[in-house]
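Inspection log for the structure reproduced underneath, given as structure tokens.
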Amino acid sequence: MTGSDEFRLALVGAGRMGHHHLRALADHRSVRIRYVVDPVPAAREAVTAAGLPAYPSVEDLLADAAPDGLLVTAPTGRHGALVAAAAKAGLPVLCEKPAGLDPAGAAEAGRVAAAAGIPFQVAYWRRFVPQLCRLRERIAGGELGEVLFVAAAQWDGEPPAAAFRTGSGGIFVDMGVHEFDQIRWLTGQEIDRVAVQPAGPVTDPAVRGRDVDSAQALLGLSGGGTALVSLGRHHRGGDMATVEVFGTRDHERLAFLDPADGDATMYAALARQAEDFAVLVREGRSAGAGVTDAVAVLDAARRATAQLTPGHEVHTDQ
Ligand SMILES: NC(=O)c1ccc[n+]([C@@H]2O[C@H](COP(=O)([O-])OP(=O)(O)OC[C@H]3O[C@@H](n4cnc5c(N)ncnc54)[C@H](O)[C@@H]3O)[C@@H](O)[C@H]2O)c1
């Protein structure tokens, strides 16, 4: 691969997820993170020490460099403004999930990107996990028959800091969006109905009333099946995710995120996702999520979140 073929990303947000992307693309042959933006000096120092130029804002970056696209990994509440900054500069943008705190925010980001004519992809990395892609093909090919039930679980090793939890929209907007996107993408069905049951204590007093440590959502799908989404922030050993699909002909269970494998599955998927984004920019086709997906997923998350109250009372929205 020659230097001119390289796809050069600017990473916007050098926190937890930003560093995952940096590691995932560190040795990539064609897609590289060449610049970093972060308003916090300590975050910039950490990447400049590793040899990457870092800037306090997108405007400062663009005064000095011409990346091929932005990879937005700033906090969710900043996604809309950063997509708008990319649109203003005519730069393609790959935005971390969920692309805004609510469906209206994601829709507005999509509208701004479309008006500017920039490619806009939302980073749901599970769409680039080979096991899940094969399961999706099996479902689309009818091998499982009619989908009756999907059970999807995501339990993290430990809760993130209170400041992150109170600013990220809560468990459904932060975590559940992965499962909502995965269920729509795997089955090709929309999420019609959402009924939620929060469970157990909230261990961090600083987030009480703003987030829960675990919640279960029962979904009604447009094809007539149902799905269960189980989310939790305490899984001893590390982050895990599983999905099981029951159809009229067959069923399949995948434990695609296993603490024993560490971050290997996610890093490989993040690299494939970045390659896909480069293809989107250069050839106009993508296997990734777009604004319609982001809005539908955030709408399900909004309906689920509305059923969580500080007193853990349950309200259904049917
Ligand atoms: N796909 C996944 O599996 C996954 C996992 C974790 C987080 N995320 C997403 O990544 C995003 C960031 O989460 P995180 O855990 O890394 O948060 P974080 O708080 O660890 O990091 C965010 C970073 O963004 C920087 N920042 C703040 N405002 C900025 C701005 N205007 N421009 C540039 N940088 C800015 C902060 O200084 C910080 O360094 C969230 O939207 C989250 O939903 C995705």
Side-chain angles (χ1 to χ4, degrees), residues 9-24 33 35-48 52 54-62 67 70-86 89 93-102 105-106 109 121-129 132 154-182 211 231 233 238-241 256-257 263 265-274 277 288-289 293-294 297-298 301:
L9 287 165
L11 181 84
V12 184
R16 198 171 49 136
M17 196 58 196
H19 280 274
H20 284 314
H21 284 280
L22 281 165
R23 278 180 223 116
I33 293 168
Y35 317 96
V36 172
V37 174
D38 201 298
V40 175
R44 292 199 300 279
E45 280 156 25
V47 293
T48 49
L52 279 174
Y55 305 86
S57 71
V58 171
E59 290 71 26
D60 290 313
L61 161 80
L62 296 177
L70 297 188
L71 170 50
V72 172
T73 49
T76 300
R78 307 266 185 275
H79 289 180
L82 290 166
V83 172
V93 60
L94 171 59
C95 181
E96 256 307 335
K97 53 57 68 176
L101 286 164
D102 54 36
Q121 183 175 340
V122 182
Y124 280 106
W125 60 261
R126 294 185 189 174
R127 292 178 177 230
F128 299 94
V129 173
L132 292 171
Q154 181 191 177
W155 283 69
D156 282 354
E158 57 187 23
F164 177 89
R165 292 177 72 178
T166 53
S168 61
I171 201 163
F172 285 111
V173 174
D174 176 34
M175 295 178 70
V177 288
H178 280 294
E179 275 62 40
F180 297 146
D181 181 65
Q182 180 180 281
D211 193 20
L231 305 172
R233 298 194 184 275
D239 297 356
M240 65 76 82
F256 61 91
L257 194 61
D263 292 318
T265 300
M266 181 175 76
Y267 283 5
L270 292 179
R272 282 191 208 97
Q273 175 177 260
F277 179 60
D293 304 305
V297 163
L298 275 168

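Each ligand, and each atom within it, is numbered from 1 in the order the structure gives.
Closest approach of His178 and Trp125 over heavy atoms only: CE1-NE1, 3.9 Å. Of all non-hydrogen atoms in Val122 and Lys97, the two that sit nearest each other are CG1-CA, 4.1 Å. In terms of heavy-atom proximity, Asp102 sits nearest to Gly105 at OD1-N, 2.7 Å. Across every non-hydrogen atom of Ala43 and Ala14, the tightest pair is CB-O, 4.1 Å. Arg272 and Phe128 get closest at one heavy-atom pair: NH1-O, 2.8 Å. Closest approach of Arg165 to Pro159, counting heavy atoms only: NH1-CB, 3.5 Å.
Scanning the protein heavy atoms around atom 12 (C) of ligand 1, the nearest turns out to be Thr73 O, 3.2 Å. Looking from atom 3 (O) of ligand 1 to the surrounding protein, the closest heavy atom is Trp125 NE1, 2.9 Å. Of the protein's heavy atoms, Pro39 CD, 3.9 Å lies nearest to atom 30 (C) of ligand 1. Scanning the protein heavy atoms around atom 13 (O) of ligand 1, the nearest turns out to be Phe164 CE1, 3.6 Å. Of all protein heavy atoms, the one lying nearest to atom 38 (C) of ligand 1 is Asp38 OD2, 3.5 Å. Closest to atom 21 (O) of ligand 1, if we only count protein heavy atoms, is Gly15 CA, 3.2 Å. When only non-hydrogen protein atoms are considered, atom 28 (N) of ligand 1 lies nearest to Arg78 NE, 3.5 Å. The protein heavy atom nearest to atom 1 (N) of ligand 1 is Glu96 OE1, 3.0 Å.
At a threshold of 4.5 Å between non-hydrogen side-chain atoms, the residues Val72 and His79 count as touching. The shortest distance between side-chain heavy atoms of Glu96 and His20 does not fall below 4.5 Å.
When the heavy atoms of Pro41, Ala74, Pro75 are ranked by distance to atom 11 (C) of ligand 1, first place goes to Ala74. Comparing heavy-atom distances from atom 9 (C) of ligand 1 across Gln154, Arg126, Lys97 singles out Lys97 as nearest.
Close contacts between ligand 1 and Val40 involve ligand atoms 37 (O) [criterion: under 4.0 Å to a heavy atom]. Atoms of ligand 1 lying under 4.0 Å from at least one heavy atom of His178, given by number and element, are 1 (N), 2 (C), 3 (O). Each of the following atoms of ligand 1 lies closer than 4.0 Å to a heavy atom of His79: 41 (O). Each of the atoms 33 (C), 34 (N) of ligand 1 lies under 4.0 Å from some heavy atom of Val37. Atoms of ligand 1 found under 4.0 Å from any heavy atom of Ala14 (numbered from 1 in listed order, with element): 39 (O).
The distance from atom CG of Leu257 to atom CZ of Arg126, rounded to the nearest 0.5 Å, is 7.0 Å.
Using a 4.0 angstrom heavy-atom cutoff, Ser168 does not count as in contact with ligand 1. Under the 4.0 angstrom criterion for non-hydrogen atoms, His20 is not in contact with ligand 1.
For the side chain to side chain contact (heavy atoms under 4.5 Å, CB included) test with Leu94, the passing option among Leu9, Leu70, Leu71 is Leu71; the others fail. Partner of Thr73 under the side chain to side chain contact (heavy atoms under 4.5 Å, CB included) criterion, out of Val12, Ile33, Leu11: Leu11 alone.
By the criterion of a heavy-atom distance under 4.0 Å, both the backbone and the side chain of Arg16 are placed next to ligand 1. The proximity of Tyr124 to ligand 1, defined as any non-hydrogen pair under 4.0 Å, does not occur for either the backbone or the side chain.
Scanning for side chain to side chain donor-acceptor pair (under 3.5 Å) contacts around Tyr55 gives Asp64, with sequence neighbours left out. For Tyr35, there are no ring pair (Phe, Tyr, Trp, His ring centres under 6.0 Å) partners two or more places apart in sequence or in a different chain.
Below 3.5 Å of separation, one finds no N or O of Asp174 facing any N or O of ligand 1. When only interatomic distances are considered, the shortest N/O to N/O separation between Met17 and ligand 1 falls below 3.5 Å.
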